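Working notes for the structure below.
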Amino acid sequence: MTDQTHALELKQIRKSFGKVDVIHGIDLAIEEGEFVVFVGPSGCGKSTLLRLIAGLDDPTSGDILLQGKRVNGIPAAERGLSMVFQSYALYPHMNVRANLSFGLENMNMPRAEITQRVDDAARLLQIDQLMDRRPGQLSGGQRQRVAIGRAIVREPVIFLFDEPLSNLDAELRLQMRVEISNLHAQLGNTMIYVTHDQVEAMTMADRIVVLRGGRIEQMGKPLDLYNAPANKFVAGFIGAPQMNFLKGSLAGRTVTLDCGLTKEVPLAEEAQGPVTLGVRPEAIEVSLDGAGDAQVKVQNFEQLGAITYIYTAFDNGETLTVQLPRQIPLTRGQSIGIGIDPAHVHLFHGPEERALGMAR
Amino acid sequence: MSLAGSLMTGLMLAWVLGGTVWLLTTRTYRITQVGRFAMDLLGFPVELTQSLFGRGGVPYALLLPNMAIFGLFTFAPMILNFYVSFTGGSSIILFERPWVGWEKYGDIFSCENFLEPRTCENAGYNFFTGLYNTLWFVVIQVPIMCSVALLTAIVVNRDIKGRGFWRAMFFYPVMLSPVVIANIWNWVLHRKGVLNETLDGATGALNALAGLSGFDMVMTVSLAVILMVVTERALRSASEPSTAWTGVFAVILTLLTAWANPLSLLGLSGSFWLGLALGLFLVWLVASGKSAARTAIMGAAFLAAVMLLSIQFSTVFDLGSYRPNNWLVTPNTGWPFFWLVFVFCWSHMGFYMLILLAGLQAIPRDLYEAAKMDATRPWRAFTRITLPLVMPTLTVVIILSLIRSFQIFDEVYLLTGGGPGRETYMIVQNIYEVAFTDSSPDYGQAAAGSVLMAAIIAIFTFGQLWLTRRQSDL
Amino acid sequence: MTMPHGHSIPPGGPMRRLTRFLTRTSGRGDSAQGFGVTDVLAYSYLAFGVLIVLVPVLWTFFTSIKPERQVENFDTRLLPYSQIEEEIAGVGTRDLWIFDDGTGEEQLVFKAGPTRSVTDVATPENPDEVFGVPRETLEPLEEVRVAVENYLDPILKRNGQENFHFATYLFNSVFVTVVATLITLLINAMAGFALSKYRFRGRLTFTILIVATLLIPASIILVSLFFVVWSFGIFGSLWGVIIPAAATPTGVFLLRQYMLTIPDELLEAARMDAASEWRIFWRIIIPLSLPALSVLAILSVIWRWNDFLWPLIVLISDPSAHTLQLGLTQFAGEFNTDFHYILAMTVVTLLPITLVFVWLQRFITTGIATTGLK
């Protein structure tokens, strides 16, 4: 722990609703200008964590420090943060301008400055033509921009986003993703972004925090998480299609899988016992003539042109998904040979299914 | 100035002055923000609470005015009622009232026979007369009004033209005040009023018709034709008889039975009720899809034909001269009570109809479409889909109308004044007169009456809630 | 149209066509095509019901514009007729009658003496030439005239009608209705907001208390409420009518139910926007609850405008504090025979609420049906 001040620091944050513990002691530090994404399945506590930071809820114990200052118990409005809500929470009875200026008016800001800030934000987000409309008259994407605009005008130290793209269709989501990234580049503010979609996390984040059951599973740069997941949960959560998991047992550096395959793995240290072997779909090679480590049966396949997904099964019923960056001729029920590169496998072991270190 | 007056003035001054000072010191307002300042000043106690106790104190501040009025003007009087009922005298200063224990209750329960108010002393006589009249009123009026409201709601809920118009029309009397309603009906029911006039005219016209030669013949033939057409329509559908046409058939059957008066052969009266029972039975048979329906209709048609032949229409329609009825004043006719029930339903039905309509509209249309695909009979659809699903709303309506009609006062007081005699003397009128119109008001007596009435209403309400405990959503 | 019987391809004879015509309506009420017998039954039921609702009110209205004499004679003709009078030289103002001597020739006359079986009459042109005619041959000469004096006399206090202080009553009624409705809306909305949007100790207790009040009839606390109101010193004043019933449980319940549907995120957004709780209440909650608030406003107006028993107890001793309802009761009680005035004032009393209803009926009925009590 250095005495350098972070933009945000959480110390042993716990939160319980009645008898239910939702957050179990989280420590986290976020630096100035960072784009941090909290990701995890629903119910993992990521939104609760965001609301604790925002000041909409108070933690049961632990400290929240903003720029080194403890802010527990300080009302949301006085923390200098702003938040974009999942449902946007635009005031339906006010027009866009009133929506943007409502907060500034509450802070008794001089009118000239309010106009200045609102106009700047509108120009930045290209919503200047919509200022007299009500939220009900806007499209999903426009509402999203207004919600972001409302966050911008307050010039916050940290932006909080609570699953802001989950109500948009796929195309708009892609577009807004890019825009939010650009906005971050333009404004340079610290942003904390909550999502359950790992693609959003991978594409936007400087740093990802993976949460499960109110605990941090792993945090780090997107590709670090992808290449070196700390445990089976993170490995399975990050990356699409999901990593393949095959059960087996380890003796020394040799894995014997239930499906019959035996593989030598470059482990840093020898170990014994039951393990799960993980291999990403793109790390598997296919040969149509049956050559390779093992034979699998093609159950289904999807030809996307540039990519081919093959869903296969071993004789013992375990399934294996393969992603090929090319087109190949396939029929259902056909037997193909697969090859697994030992340099790209992960081994998970123990009650928490932690990853075993590899010699790379 | 009264206690409350000076208190209120003090509070207002503190509010306005304190609020202005506090708001102006903690916030800045521009001249153009007078409106905002006024609203902030109005909510100054809430603002102050928030700044003193944080967000946790705000709901209490928000609840305070409402709960204070509830407490002072609803809960406190409820408790006070018990106290007052144990005190005597006519003083209106609470602590000057002497404690008399159970005396006031004793006065009420001074009867030899509780079912016979005549055997009570004065207080008990008035109370029990009012109580029994009110109970009668509730028992008769609530079922009638609820069924009429349900029927109307179902009809209005159908796919009919001008639904909004019908709904509004039935709701309109709810908007009228009891005084207006009483004046209107006093005028309509006056001895020389429009109702007597109309009945007189109708009687005259019927008499004139019946006096025509050949009237008997014409009536018999035309009724026979109608009967044939209706029977044919009712039986037409290949598999099952039509419910609606059976309904029309039942109406004709009822009329024929009433006119032919078959029970008079046995020396009994009440042929109309027999006909009504027959008709309803027939409708029920058809509606619930009983296999005997077809046979029953044919049997009833035969019966109707026989009765038709036996009727002498010239005597049926010869009503003699009509004697104008003094509807609201004539004792021992039951009319004043009848018109009370009628006027009460007339003026309140629309409200309950609207609530039931909301309940009906909450039933998804697909359910009926699914039922139609399953070839469900309308009656079955009503009893198995509509009734169970509208039951929670109906329970609310029954309880609300029960409480409402227990308290009937305005309409009685203005229409009949409790008369003739004590025929329409209701319990609230008893309380009102004992406490407020007597030359020596007996508040203790009235309070004791109120306590007893509260107990009876509670029994009724909880009884109803218990009976429908599964469906209630109160 | 599908024929229910397979064999009934009509042969086309005239009789056959007639029976088909007579019985053409589809027998099934639920059939999509045609106008079934259930529709006929439904519409007749509705028409009958509307007749029962409307006829008494319309009858009252039509009576209220009839001249005094027609009302006194219980003349049940629909239109207001009044007999034409004429100033006759040397005699004075007299009613005109039509005399029919049996030949079909009609003559305008006036009565020169008392009405007997043979009445003395004279023509206006020759007032001195009196002749006797049978009473039955005389018909009043009438014109249709709206008797505005039924309305104007009590309102303008003419013709001895000085006991109906219309302006005072109207002011009192409007004052009670408006002030009570405003107070009700404000404090009920505050309570509904607290109960729907905050978690706090005692929330359930408060909610149950309010639902319980929903079931407590007002008339069982009449006597002790009188004591409370008396000791507060507001007995006999309009405030004694306004305050006790301002906190309606129905209103709190209705608004609470409605406010539950306002998303919490809006409140949180407002909190992030530095709005105080009170400002959230009147800038966010109040505008968004307008549908429920207007339903409550309408209910409150109906209750207050039509309120009778409690004003009767509180205000009866002070005629200057009477509301329209009380004034009308007193008026009808004192002048039991002057039905033309009573009915005119009845119409005046029901007119404001009727106009409001006609203006807002769709809104009122759908509002109560969708928001009311559910």
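Remember, it's a predicted structure, so these values are computed and weren't measured experimentally. A note on names: the letters A, B, ... follow the listed sequences, proteins ahead of strands, and every chain is numbered from 1. Both backbone and side-chain heavy atoms feed into the values below; hydrogens, waters and symmetry mates do not.
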message: Let's go through C:W278 and B:Q50 carefully: what are the C-alpha distance in whole Å and the side-chain angles of both, what is the deciding distance for side chain to side chain contact (heavy atoms under 4.5 Å, CB included) to 0.1 Å, and is it a yes or a no?
response: CA-CA 9 Å; C:W278 175 253; B:Q50 190 181 359; 5.8 Å; no
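- Heavy atoms of B:A454 lying under 4.5 Å from chain C belong to its backbone as well as its side chain.
- Using a 4.5 Å heavy-atom threshold, the side chains of C:L225 and B:T74 count as separate.
- B:Y432 and C:F226 have their aromatic ring centers separated by at least 6.0 angstrom.
- B:L42 contributes atom CG, which lies 5.5 Å from atom CG of C:L186 (distance to the nearest 0.5 angstrom).
- If you take CZ on C:F61 and CD1 on B:I184, they are separated by 12.0 Å, rounding to the nearest 0.5 Å.
- Under the salt bridge (Lys or Arg N to Asp or Glu O under 4.0 Å) criterion, B:R55 pairs with C:E277, not counting sequence neighbours.
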Could you pull out every donor-acceptor pair under 3.5 Å between side chains of residues 170-177 of chain B and any protein atom, sequence neighbours left out?
| unit_1 | atom_1 | unit_2 | atom_2 | d |
| --- | --- | --- | --- | --- |
| B:Y172 | OH | C:T354 | OG1 | 2.7 |
| B:S177 | OG | B:V180 | N | 3.3 |
| B:S177 | OG | C:Q325 | OE1 | 2.5 |

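- Among the candidates C:T349, C:I313, C:V228, the residue making the largest number of heavy-atom pairs closer than 4.5 Å to chain B is C:I313.
- Heavy atoms closer than 4.5 Å to chain B are found in the side chain of C:T213, but not in its backbone.
- Proximity of a side-chain donor or acceptor of B:N183 to a complementary backbone N or O of C:I342 within less than 3.5 Å is not detected.
- Contacts with chain B (heavy atom to heavy atom, under 4.5 Å) involve these residues of residues 194-201 of chain C, listed by number: C:A194, C:L195, C:Y198, C:F200, C:R201.
- Chosen from C:L326, C:T248, C:N188, C:I316, the residue pairing most often with chain B at heavy-atom distances under 4.5 Å is C:N188.
- Of the two parts of B:F342, only the side chain, counted from C-beta on, holds a non-hydrogen atom closer than 4.5 Å to a non-hydrogen atom of chain C.
- In this structure, the portions of B:R36 lying under 4.5 Å from any heavy atom of chain C include both its backbone and its side chain.
- A distance-only check finds a donor-acceptor pair linking the side chain of B:Q407 to the backbone of C:A218 [under 3.5 Å].
- In terms of heavy atoms, B:W346 sits closest to C:I52 at NE1-O, 3.0 Å.
- Within the structure, the side chain to side chain donor-acceptor pair (under 3.5 Å) test picks out no pair touching residues 51-62 of chain C (sequence neighbours left out).
- Only the side chain of B:I457 has a heavy atom closer than 4.5 Å to any heavy atom of chain C.
- In terms of heavy-atom pairs under 4.5 Å with chain B, the best-connected choice from C:S219, C:A246, C:G251 is C:S219.
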message: Let's go through C:L350 and B:I181 carefully: what are the C-alpha distance in whole Å and the side-chain angles of both, what is the deciding distance for side chain to side chain contact (heavy atoms under 4.5 Å, CB included) to 0.1 Å, and is it a yes or a no?
response: CA-CA 9 Å; C:L350 72 81; B:I181 291 169; over 6 Å; no
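- Of the residues considered (B:W187, B:Y60, B:F75), B:W187 shows the highest number of contacts with chain C, using heavy-atom pairs under 4.5 Å.
- In this structure, chain C has a heavy atom under 4.5 Å from the backbone of B:A61, while its side chain stays farther away.
- Proximity to chain B involves both the backbone and the side chain of C:I221, based on heavy atoms less than 4.5 angstrom apart.
- With contacts defined as side-chain heavy-atom distances shorter than 4.5 Å, the pair B:M39/C:R283 does not qualify.
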- request: Determine, stepwise, if the pair C:M190 / B:L63 fulfils side chain to side chain contact (heavy atoms under 4.5 Å, CB included).
  value: CA-CA 6 Å; C:M190 284 163 65; B:L63 272 171; over 6 Å; no
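- Interface summary for chain C: among B:N66, B:L80, B:V58, the most heavy-atom pairs under 4.5 angstrom belong to B:N66.
- Between chain C and the residues B:I154, B:V84, B:V428, B:I160, the most heavy-atom pairs under 4.5 angstrom are made by B:I160.
- Of all the listed residues (B:R404, B:M349, B:M78), the one sharing the greatest number of non-hydrogen pairs under 4.5 Å with chain C is B:M78.
- Summarising the geometry of B:L72 relative to C:F232, their closest heavy-atom pair is CD1-CZ, 3.7 Å, with the distance given to 0.1 Å.
- The shortest heavy-atom contact between C:I187 and B:I69 is CD1-CD1, 3.8 Å.
- We find the OG-CZ distance between C:S317 and B:F436 to be 11.5 Å, quoted to the nearest 0.5 Å.
- Proximity to chain B (any heavy atom under 4.5 Å) is shown, for C:L324, by neither the backbone nor the side chain.
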query: Does the pair C:F206 and B:F70 meet the rule for a side chain to side chain contact (heavy atoms under 4.5 Å, CB included), with working shown?
result: CA-CA 11 Å; C:F206 282 121; B:F70 265 148; over 6 Å; no
field: From CA spacing to verdict: side chain to side chain donor-acceptor pair (under 3.5 Å), C:T329, B:Y413
entry: CA-CA 11 Å; C:T329 316; B:Y413 185 73; over 6 Å; no
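- Rounding to the nearest 0.5 angstrom, the gap separating the CG atom in C:L41 from the CZ atom in B:R158 is 9.0 Å.
- Atom-to-atom distance recorded for B:Q429:CD and C:L309:CG is 10.5 Å, nearest 0.5 angstrom.
- In this structure, chain B has a heavy atom under 4.5 Å from the side chain of C:R271, while its backbone stays farther away.
- At a 4.5 Å heavy-atom cutoff, C:V301 makes no contact with chain B through either its backbone or its side chain.
- Contact count against chain C (heavy-atom pairs under 4.5 Å) is highest for B:F73 among B:F409, B:F73, B:F44.
- Residue B:Y83: no heavy atom, backbone or side chain, is found under 4.5 Å from chain C.
- With a 4.5 Å cut-off on non-hydrogen atoms, C:L343 touches chain B through its side chain but not through its backbone.
- In this structure, no portion of B:R163 lies under 4.5 Å from any heavy atom of chain C.
- In this structure, C:W230 places its CH2 atom where only 12 or fewer heavy-atom neighbours from other residues, nucleotides or ligands lie under 6.0 Å away.
- At a threshold of 4.5 Å between non-hydrogen side-chain atoms, the residues C:L222 and B:S450 do not count as touching.
- For the set C:D307, C:L312, C:V252, the entry with the most heavy-atom pairs within less than 4.5 Å of chain B is C:L312.
- For C:L54, the part lying near chain B is the side chain, with the backbone staying farther off; criterion is any non-hydrogen pair under 4.5 Å.
- Taking every heavy atom of both residues into account, C:V53 and B:M169 meet most closely at CG1-O, 3.5 Å.
- Comparing B:V188, B:I431, B:D40 by heavy-atom pairs within less than 4.5 Å of chain C, the highest count is held by B:D40.
- B:T152 touches chain C through backbone and side chain together, each having a heavy atom under 4.5 Å away.
- No hydrogens or angles considered: nothing links the side chains of B:Y443 and C:S224 as a donor-acceptor pair under 3.5 Å.
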